[in-house]
Amino acid sequence: MKYRLLCIFVAVLAAVLLVSCSSSSFTDEEICSAAEALIADSVAINQIYFGEGLPFVDADSDAARQFAAEVKTDATLLSYLPVAADAGFSSIDSIKEATEKVYSKAYCAYLFEMAFTGISIEEGTAAYARYMETENGILAVHKELSAIDTRTYSTAKTGQQVEVIQKKGNTAVVKAQSYLHGEEDVAVEIQLIYENGAWRLDSPTY
């Protein structure tokens, strides 16, 4: 009798845990809608951090010479060049603001350290900051950092397709088809988190 009661208790507990692991007050439609918009916006953000980066001025321009004078370096030796006036961003804060509309606080912290401070990849190897800003507010980008081919998530032939594969509380995981150079690539699982009244991506999409 005791064994039977124990089995019933274990079965009930397992059912409760199963329900709690998938419980969420958000519908799949709400999550998919948010994910589609965020993933689309992340493509441009990824270019800033991992792709070609923001465009910069010519090394022989007045803007470059002004920047060189401020950082007290010969213009011909510059590793950083001022971001072009039509780049859409004029300060580190403006880049951060755009990033925070797409990515979670936790993932933003990683991006900001990598892009604006620089990080150690492994012992003895450093990754230089991609962007810097002078005391006079000139935003500059490292002109020689390597770029990767960032993914896209839609083409002219096929629309955005996002599927919820897990959700619990204020988090969710979706699967989205990615493309490289316009060709279908892997289906990427992307984490989302609902914080401060809005959904944000909590993992990379590049």
**Student:** Just jot down the side-chain hydrogen bond (donor to acceptor under 3.5 Å, both in side chains) partners of N170, sequence neighbours excluded, or say none.
**Tutor:** none
**Student:** Please determine whether residues L180 and I148 belong to a single hydrophobic cluster, defined as Ile, Leu, Val, Met, Phe, Trp and Tyr linked transitively by side-chain heavy-atom distances below 4.5 Å.
**Tutor:**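 Result: no, two separate clusters.
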**Student:** With sequence neighbours excluded, tell me which residues meet side-chain hydrogen bond (donor to acceptor under 3.5 Å, both in side chains) with E70.
**Tutor:** T134, N136
**Student:** Establish, from distance only, whether the side-chain atoms of T171 and D202 form a donor-acceptor pair under 3.5 Å.
**Tutor:**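 Result is no, nothing qualifies.
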**Student:** Counting only N and O atoms by type, is there a donor-acceptor contact under 3.5 Å from the side chain of K167 to the main-chain atoms of V173?
**Tutor:** no
**Student:** Any heavy-atom pair between the side chains of Q66 and I138 that's under 4.5 Å?
**Tutor:**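 A side-chain contact exists here, since the closest heavy-atom pair is under 4.5 Å.
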**Student:** Please name the pair of heavy atoms, one in L78 and one in A64, separated by the smallest distance, quoted to 0.1 Å.
**Tutor:** CD1-O, 3.8 Å
**Student:** Look up atom CZ in R130 and atom OG in S146, then write down how far apart they are to the nearest 0.5 Å.
**Tutor:** 7.5 Å
**Student:** Give me each pair satisfying side chain to side chain donor-acceptor pair (under 3.5 Å) with a member in residues 77-90, each pair once, sequence neighbours excluded.
**Tutor:**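 Qualifying pairs, neighbours excluded: none.
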**Student:** Do the non-hydrogen side-chain atoms of T205 and Y153 ever get within less than 4.5 Å of each other?
**Tutor:**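 Yes, at least one pair of side-chain atoms sits under 4.5 Å.
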**Student:** Going by side-chain contact (heavy atoms from CB on, under 4.5 Å), name the residues that satisfy it together with D74, two or more places apart in sequence or in a different chain.
**Tutor:**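 Checked D74 against side-chain contact (heavy atoms from CB on, under 4.5 Å); matches are T76, L77.
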**Student:** Please go through V57's hydrophobic cluster and name the other residues, only I, L, V, M, F, W, Y counting, with side-chain heavy atoms under 4.5 Å joining them.
**Tutor:** none
**Student:** Going by the rule side-chain contact (heavy atoms from CB on, under 4.5 Å), which residues pair with A34 if we only count those two or more places apart in sequence or in a different chain?
**Tutor:** W199
**Student:** Only counting residues at least two apart or in another chain, list the ones meeting ring pair (Phe, Tyr, Trp, His ring centres under 6.0 Å) with Y107.
**Tutor:**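 Once residues adjacent in sequence are excluded, the partners of Y107 under the ring pair (Phe, Tyr, Trp, His ring centres under 6.0 Å) criterion are Y103, Y110.
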**Student:** Can you tell me which residue pairs pass the ring-ring contact (aromatic ring centres under 6.0 Å, His included) test with a partner in residues 29-49, sequence neighbours excluded?
**Tutor:**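 For residues 29-49: none.
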**Student:** Would V141 end up clustered with F89 when hydrophobic side chains under 4.5 Å apart are linked, directly or stepwise?
**Tutor:**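 Yes, because V141 and F89 connect within a single hydrophobic cluster, where side-chain heavy atoms sit under 4.5 Å apart.
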**Student:** Are the side chain of S94 and the backbone N or O of S91 linked by a donor-acceptor pair below 3.5 Å?
**Tutor:**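 Checked: pair present.
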**Student:** Grab the two heavy atoms, one from F112 and one from E100, that are nearest each other, plus how far apart they are.
**Tutor:** CE1-OE2, 3.7 Å
**Student:** To the nearest 0.5 Å, what is the distance between CG on D60 and CG on L81?
**Tutor:** 11.0 Å
**Student:** Tell me, with the steps shown, if I95 and L54 meet side-chain contact (heavy atoms from CB on, under 4.5 Å).
**Tutor:** CA-CA 10 Å; I95 298 175; L54 294 177; 3.9 Å; yes
**Student:** Would you mind telling me which of L201, I31, L38 makes a side chain to side chain contact (heavy atoms under 4.5 Å, CB included) with V174?
**Tutor:** I31
**Student:** Answer yes or no: is there a side-chain heavy-atom contact under 4.5 Å between L111 and M114?
**Tutor:**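 Of all side-chain heavy-atom pairs linking M114 with L111, at least one is under 4.5 Å.
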**Student:** On a heavy-atom basis, which atom in G51 and which in A147 lie closest, and how many Å separate them?
**Tutor:**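 Closest approach of G51 to A147: O-CB, 3.0 Å.
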**Student:** Under 3.5 Å, sequence neighbours excluded: what are the donor-acceptor pairs made by side chains of residues 187-198?
**Tutor:**
residue : atom : partner : partner atom : Å
Y194    : OH   : G197    : O            : 3.1
E195    : OE2  : K105    : N            : 2.8

**Student:** What are the two closest non-hydrogen atoms of E184 and Q177, and how far apart are they?
**Tutor:** CG-NE2, 3.0 Å
**Student:** Kindly compute the distance separating OG1 (T150) from CD (Q47), expressed to the nearest 0.5 Å.
**Tutor:** 3.5 Å
**Student:** Scan residues 50-73 for pairs that pass ring-ring contact (aromatic ring centres under 6.0 Å, His included), counting only residues two or more places apart or in two chains.
**Tutor:**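 Passing the test, one end in residues 50-73: F50-Y206.
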**Student:** Which pair of heavy atoms, one from C32 and one from V162, lies closest together, and at what distance?
**Tutor:**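 Scanning both residues, the minimum pair turns out to be SG-O, 3.4 Å.
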**Student:** Considering residues at least two apart in sequence or located in another chain, which fulfil the salt bridge (charged side-chain N to carboxylate O under 4.0 Å, His left out) criterion with D58?
**Tutor:** none
**Student:** For the CD1 atom of I39 and the CG atom of N46, what is their distance to the nearest 0.5 Å?
**Tutor:**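 Answer for the CD1-CG pair, I39 versus N46, is 10.5 Å.
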**Student:** Sequence neighbours left out, what pairs pass salt bridge (Lys or Arg N to Asp or Glu O under 4.0 Å) with at least one residue falling in residues 132-154?
**Tutor:**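 The answer is R151-D185.
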